[in-house]
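The next block holds one structure in the form of structure tokens; read it before the comments.
Proteins come first, then strands; the chains are lettered A, B, ... in the order of their sequence lines, and each starts at number 1. Values reported hereafter were calculated over all heavy atoms of this structure, with side chains retained and with hydrogens, waters and symmetry mates removed.
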Amino acid sequence: MDHVALTAIDGAPALVELRVRGPEPSVGAGPAAGPEVEPGATTRVAADGLAEAVRRREAAGPVRWVWESSARHYPPLLAAGVRVERCHDLRLARRILRSAPALRAAGSELATAPADAWDAPAGPRAEPVGGALFELEAPAAPDPVAEFARQRAALAAADADGRLALLLSAESVGSLVAEEMRHAGLPWDAERHDAILTELLGPRPPVGARPAHMEELVVRIREALDDPAVNPDSPVELVKRLQNAGLAVRSTSRWELKAIEHPVIAPLLEYKSLQRLHVANGWHWVDEWVHGGRFRPVYVPGGVVTGRWASDGGGALQIPKAVRGAVVADPGWSFVVADAAQLEPRVLAALSRDDAMAAAGRAQDLYTGMVDAGVVETREQAKYGMLGAIYGGTTGESARVLPRLRRAYPRAMALVEEAARAGERGEAVATHLGRGSPRLQAEDWDETRSDAQIARAQQDARAWGRFTRNFVVQGTAAEWALCWMGALRRRLAELGGADPLAGPHLVFFLHDELVVHSPAPLAEAVAAATREAAAEAGRLLFGAAPVEFALSVAIVQRYADAT
DNA sequence: CTGAGTAGCGCC
DNA sequence: AGGGCGCTACTCAG
């Protein structure tokens with residue numbers, strides 16, 4: 001695989017061919033020996049000729065682009081109609097390598113060096129505006145060739161089985177997909193959205209006014225409390241009014257209200273639900289975020305410490321079910337919605353090599369499989385038991401079934417419990433591919449701590465243990481999802497033509513769920529591709545582990561019809 | 001007036 | 001009682 005660095009010489013873009021030794025990323029590939037990055041031919045490019053130069057080089061043969069970040073370099077290429085197959089996102093890679101316990105253990109230079117410009121937050125995104133690139137002022141790019149050499153050296157020293165290399169590759173393909181999805185946009189029918197809002201809230205009100213259905217609920221709330229001045233939008237005031245009316249509440253949160261019998265509760269909970277929809281995903285949201293029939297959020301790969309994506313603007317990862325009916329495929333097109341079933345428990349089974357748990361998930365719903373195996377009585381028990389094991393739950397149903405899970409699945413339970421204990425001791429933990437958890441800042445030991453301080457410290461330690469317990473599973477699930485996405489992206493490119501937007505393309509990703517916008521005749525092939533990609537992701541991460549990564553796949557016209 | 005912090009709730 | 005987020009309006013200090 002050729003590597004080409006995108007860099008700048010005297011302020012103008014340049015492409016630097018790199019000679020890179022070593023195998024392509026996959027678990028078990030092993031590291032390449034010795035110094036392995038040598039700069040070769042350098043081609044200077046006129047500022048307005050970069051997209052064309054990248055297009056030509058991409059067409060000349062398989063290449064991995066080495067660049068500061070996809071967020072910075074890829075949007076203008078996409079705007080110019082240029083798509084790249086592979087990249088190495090130096091900023092995302094640096095963050096992962098800095099976190100990786102393996103580098104610390106190997107005493108790698110990257111693990112011990114003080115923070116530099118590559119650790120600083122990325123500059124603002126350069127957004128293509130009206131076809132032309134709107135260049136925001138950004139700090140001078142550090143030398144990408146030198147940084148790439150440092151990163152490869154770190155892998156050579158610390159990545160004996162090739163896991164980190166695979167993670168960097170998966171993270172990088174994710175960074176490409178993030179920009180491609182923003183470029184394509186999620187089809188969004190603003191009229192349909194308006195119809196949904198009108199049905200639930202009433203017609204669009206003037207700015208600042210409450211929608212009719214919410215106003216009616218306010219009247220009912222005031223009547224039920226016999227208090228004509230109640231304003232349900234102010235939690236502080238509302239709590240006082242509820243207390244004045246004799247309700248024993250400390251807050252106005254849903255779970256606290258639900259436990260109370262009073263005529264005000266039903267209209268109040270309904271009001272809060274509608275208010276939430278109105279302010280977060282109402283008419284204002286559509287005006288702000290939907291243009292030309294597309295919703296284009298900024299996705300932030302690696303935005304969560306566990307490796308999950310975050311989003312910046314638009315609340316892309318929190319689109320409520322109520323408005324998913326507005327996500328409508330173009331005429332002649334369909335959505336293929338693929339959802340990984342019980343992903344985190346399956347990941348835990350594979351991580352821990354717990355063959356009994358793997359067997360429960362083979363060819364069926366994993367929770368049902370646990371019932372069939374006689375481990376628990378009901379699917380609900382299985383579900384809450386597993387969620388408790390992964391999140392660190394200690395009460396209710398999950399606590400009751402935990403002993404049975406320990407007996408049936410000792411390896412899986414031991415893995416999460418060891419991760420929790422490591423966190424309680426203040427140690428870092430790592431995902432399957434080697435992303436490290438943040439390190440708990442050690443507090444100064446105070447010999448004169450009070451009992452209350454000691455109790456608080458123990459509480460904090462347990463909370464950190466729940467975090468590290470969850471980190472290994474959530475983070476490894478995120479790695480599986482990246483590999484799934486990358487494997488699917490390659491298959492979609494094979495199904496499509498030269499123009500990605502003319503063929504099936506990814507338009508949405510939500511932790512364990514992918515949405516492809518596809519020409520209707522290709523939808524079945526895309527559905528098959530999502531399954532093949534899931535199997536490939538499992539092999540990439542876990543080799544021959546006997547864990548099946550089951551999907552539920554639906555071909556629909558509206559996103560809401562998939563769930 | 002502005003910005004930081006919080007409450008509450010949406011998603012996984 | 002549990003893990004991870006982002007967004008909005010409200011609240012309050014400066």
Without decimals, in angstroms, what is the distance between [X] [atom1] and [N] [atom2]?
| X | N | atom1 | atom2 | result |
| --- | --- | --- | --- | --- |
| A:Trp285 | B:dC11 | CH2 | C1' | 13 Å |
| A:Arg250 | B:dA7 | CZ | P | 10 Å |
| A:Arg308 | C:dG4 | CZ | P | 11 Å |
| A:Asn470 | C:dG4 | CG | C1' | 6 Å |
| A:Asn231 | C:dT11 | CG | P | 8 Å |
| A:Gln275 | C:dC7 | CD | P | 18 Å |
| A:Gln318 | B:dG10 | CD | C1' | 6 Å |
| A:Asn281 | B:dC11 | CG | C1' | 10 Å |

Does [N] have its OP1 or OP2 closer than 4.0 Å to a side-chain nitrogen or oxygen of [X]?
| X | N | value |
| --- | --- | --- |
| A:Lys272 | B:dC9 | yes |
| A:Thr252 | B:dG8 | yes |
| A:Arg276 | B:dG10 | no |
| A:Lys258 | B:dC9 | no |

Look at the side chain of [X] and decide which nucleotide, out of [options], has an atom nearest to it.
| X | options | value |
| --- | --- | --- |
| A:Ser311 | C:dG6, B:dG8, C:dG4 | C:dG6 |
| A:Ala310 | C:dG3, C:dC5, C:dT11 | C:dC5 |
| A:Val279 | C:dT8, C:dC10, C:dC5 | C:dT8 |
| A:Pro320 | B:dC12, B:dG10, C:dG3 | B:dG10 |

Can A:Thr306 and A:Gln474 be counted as having a side-chain donor-acceptor contact under 3.5 angstrom? yes
Answer with yes or no whether the side chains of A:Tyr384 and A:Arg400 bring together a donor and an acceptor at under 3.5 Å. no
Using a heavy-atom cut-off of 4.0 Å across all strands, would you classify [X] as base, sugar-phosphate, or nothing?
| X | value |
| --- | --- |
| A:Val473 | nothing |
| A:Arg254 | sugar-phosphate |
| A:Gly313 | sugar-phosphate |
| A:Gly303 | nothing |
| A:Arg324 | sugar-phosphate |
| A:Gly315 | sugar-phosphate |
| A:Ile319 | sugar-phosphate |

Please report the C-alpha distance between A:Glu418 and A:Arg425 in whole Å, then the side-chain angles of each, then the deciding distance to 0.1 Å, and finally whether the salt bridge (charged side-chain N to carboxylate O under 4.0 Å, His left out) criterion is met. CA-CA 11 Å; A:Glu418 178 43 40; A:Arg425 292 192 298 264; 3.1 Å; yes
Toward the 5' end of DNA chain C, by each residue's nearest nucleotide, A:Asp312 or A:Ala463: A:Ala463
Is the distance between the ring centroids of A:Phe295 and A:Trp285 under 6.0 Å? yes
Mind checking whether A:Tyr74 and A:His183 have ring centres under 6.0 Å apart? no
Describe, in one word, how the ring planes of A:Trp464 and A:Phe467 are oriented to each other, choosing from parallel (under 30°), tilted (30 to 60°) and perpendicular (over 60°). tilted
